[in-house]
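First comes the structure, then the notes that go with it.
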Amino acid sequence: MSEEIKNQEVTEAATQDELDSFVSLKKGDTVKGTIVKLEDNQAYVSIGYKYDGVIPVRELSSLQVDNIGDAVQVGQEVECKVVSIDDEKERLVLSKRAIDSENAWEQLEKHFESGEVFEVTVSDVVKGGVVADVGVRGFIPASMVERHFVEDFSDYKGRTLRVKVKELDREANKVILSQKDVLEAEFEANKQKVIAELKEGQEIEGTVQRLTQFGAFVDVGGVDGLVHVSEIAWNHVDKPADVLSEGDKVNVKVLKVDPEKGKISLSIKAAQPGPWETASTQFNTGDIVSGVVKRLVQFGAFVEIAPGVEGLVHISQISHKHIGTPNEVLKEGQEVQVKILELSTAEQRASLSIKETEEAPAPAARAEKSKNAPREEIDNPNVSLSNQGLSITLGERFGDKLSKFK
């Protein structure tokens, strides 16, 4: 047999094999191929058939595709389902979306049953949340994206999120994902770890996270502890926002840890030197300083001479003139000058005086009578300022009555 005849027989055999494979290709079949060309609204796929198949843009993904190059690239291996075949027009329509969807549901069901965490990429931001392509359309509601409130998700497109399957309904083609559940679980695990390591009396650095009317929440290692408004500073604080801002770095002392309730009580002021600790170097007996009247009581006034350092001005030390109550000359909030009479930092006590900062008023002048001034005559026959005159007058007036007692 000539070489030419042999080649012809081989070619005919190969052609017959190809024809057999062409005949076996039918609607619904799953095929694998390679992307060979991209157009605006479709991608061409070589699957070894006598002509290339096409994937319309709507069959590329379960999500809307604006740019076909974002969904597939030339040279990429893809698995597709045959949608239709028209050999006369040499039209073979394929769907990548159909295969992706079938595979996705199987995988999603496994994730849902196991509670497994997996990564997704945000493909779009929509009203009420964000969308991810998980072979099907996966929706992450706004409330399930983060542990905290997010007002604007415009910069989330393209981000990678770690999620769990929250809800699954294949018949309704519904997939709800949640990253918040993942973050909450991690937060709780870390919280228990941090709480177990915290010790009462320990001093650590934290970051102010939130401010409320009653205090400040401070992050200490990924867990928030509460600094009550009374524990913010040694001096009185009306509102935490008056002295703190979110993001501030602060040193805090651990006051109490409650593992069961997951609560941590902290103090900023306890991590700082107390006001009385520094008062001994700041003040000396005899100093005259400015202060503010904080409280008025029946027996005096309490005056603050430094944040957290109050002393008593006894009522006798308020004014040079006699006063019945401190309210007669003082009012709360009034700034006054005081002299430090006594200071005991150990007992946290100070005796103060207001009147000793003021000059005492001069005594009232008394008129002196002249030694040579003539004696005033009293025109009364029954009264005499002289002993003699007094005795005569009394004798004359009562003599007859006194004689009865002799």
Side-chain angles (χ1 to χ4, degrees), residues 40-41 43 57-73 76 96-98 100-101 103-191 194 206-212 216-224 241 244-249 262:
D40 291 340
N41 60 352
V57 67
R58 68 179 181 277
E59 296 295 337
L60 278 171
S61 172
S62 58
L63 306 179
Q64 180 179 337
V65 176
D66 296 323
N67 183 359
I68 200 168
D70 293 337
V72 290
Q73 293 81 39
Q76 179 180 339
K96 178 178 178 292
R97 176 175 64 88
D100 289 347
S101 178
N103 295 337
W105 280 110
E106 293 179 7
Q107 192 63 38
L108 288 168
E109 286 170 357
K110 291 180 182 178
H111 288 324
F112 185 56
E113 291 172 1
S114 65
E116 184 182 352
V117 177
F118 58 100
E119 291 186 348
V120 298
T121 301
V122 177
S123 55
D124 200 5
V125 176
V126 296
K127 183 178 180 180
V130 298
V131 173
D133 185 359
V134 289
V136 292
R137 183 181 186 272
F139 180 59
I140 310 174
S143 61
M144 297 184 188
V145 178
E146 302 285 356
R147 289 185 63 242
H148 57 273
F149 173 74
V150 178
E151 185 174 357
D152 183 11
F153 288 96
S154 58
D155 63 342
Y156 271 67
K157 188 172 183 178
R159 282 196 191 185
T160 298
L161 306 181
R162 293 176 301 117
V163 300
K164 284 184 177 181
V165 178
K166 185 80 171 177
E167 189 177 340
L168 204 59
D169 189 337
R170 188 165 186 171
E171 291 184 4
N173 200 37
K174 182 179 181 181
V175 179
I176 304 296
L177 307 174
S178 172
Q179 177 177 246
K180 182 178 180 180
D181 285 3
V182 177
L183 299 177
E184 287 285 7
E186 293 176 347
F187 173 78
E188 285 301 321
N190 181 66
K191 181 177 181 179
V194 171
T207 304
V208 177
Q209 294 294 316
R210 288 185 297 124
L211 298 174
T212 66
F217 287 93
V218 177
D219 182 326
V220 285
V223 179
D224 288 352
L244 294 173
S245 300
E246 292 182 2
D248 284 353
K249 298 290 185 182

Look up atom [atom1] in [X] and atom [atom2] in [Y], then write down how far apart they are to the nearest 0.5 Å.
X      : Y      : atom1 : atom2 : result
Gln73  : Ile68  : CD    : CD1   : 10.5 Å
Met144 : Leu161 : CE    : CG    : 14.0 Å
Ile140 : Glu146 : CD1   : CD    : 10.0 Å
Asn190 : Leu183 : CG    : CG    : 12.0 Å
Lys164 : Ser114 : NZ    : OG    : 9.0 Å
Gln179 : Arg162 : CD    : CZ    : 6.5 Å

I'd like to know if the side chain of [X] and the backbone of [Y] have a donor-acceptor N/O pair within less than 3.5 Å.
X      : Y      : result
Glu116 : Phe112 : no
Thr207 : Asp219 : no
Asp181 : Val165 : no
Ser101 : Arg97  : no

What do the steps show when you test Gln209 against His148 for side-chain contact (heavy atoms from CB on, under 4.5 Å), and what is the final call? CA-CA 12 Å; Gln209 294 294 316; His148 57 273; over 6 Å; no
Run the side chain to side chain donor-acceptor pair (under 3.5 Å) check on Ser123 and Asp133 step by step: do they pass? CA-CA 7 Å; Ser123 55; Asp133 185 359; over 6 Å; no
So, for [X] and [Y], which heavy atoms are closest and what is the spacing to 0.1 Å?
X      : Y      : result
Val194 : Gly221 : CG2-O, 3.3 Å
Phe153 : Val125 : O-CG2, 3.2 Å
Phe187 : Val223 : CE1-CA, 4.4 Å
Leu244 : Leu211 : O-CD1, 3.4 Å
Gly158 : Thr121 : O-CG2, 3.7 Å

Give a yes or no on this: more than 12 heavy atoms of other residues, nucleotides or ligands lie within 6.0 Å of atom [atom1] of [X].
X      : atom1 : value
Arg170 : CZ    : yes
Lys166 : NZ    : no
Asp155 : CG    : yes

4.5 Å side-chain heavy-atom contact, Phe139 and Val175: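 Not in contact.
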With side chains defined as the heavy atoms from C-beta onward, is the minimum distance between Val136 and Val134 less than 4.5 Å?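 Side chain of Val136 against side chain of Val134, heavy atoms only: contact under 4.5 Å found.
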Could Lys174 and Glu167 be called an ion pair, given the rule that one side-chain N must be under 4.0 Å from one carboxylate O?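 Yes.
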Stepwise, does the side-chain contact (heavy atoms from CB on, under 4.5 Å) test hold for Asn173 with Trp105? CA-CA 9 Å; Asn173 200 37; Trp105 280 110; 3.3 Å; yes
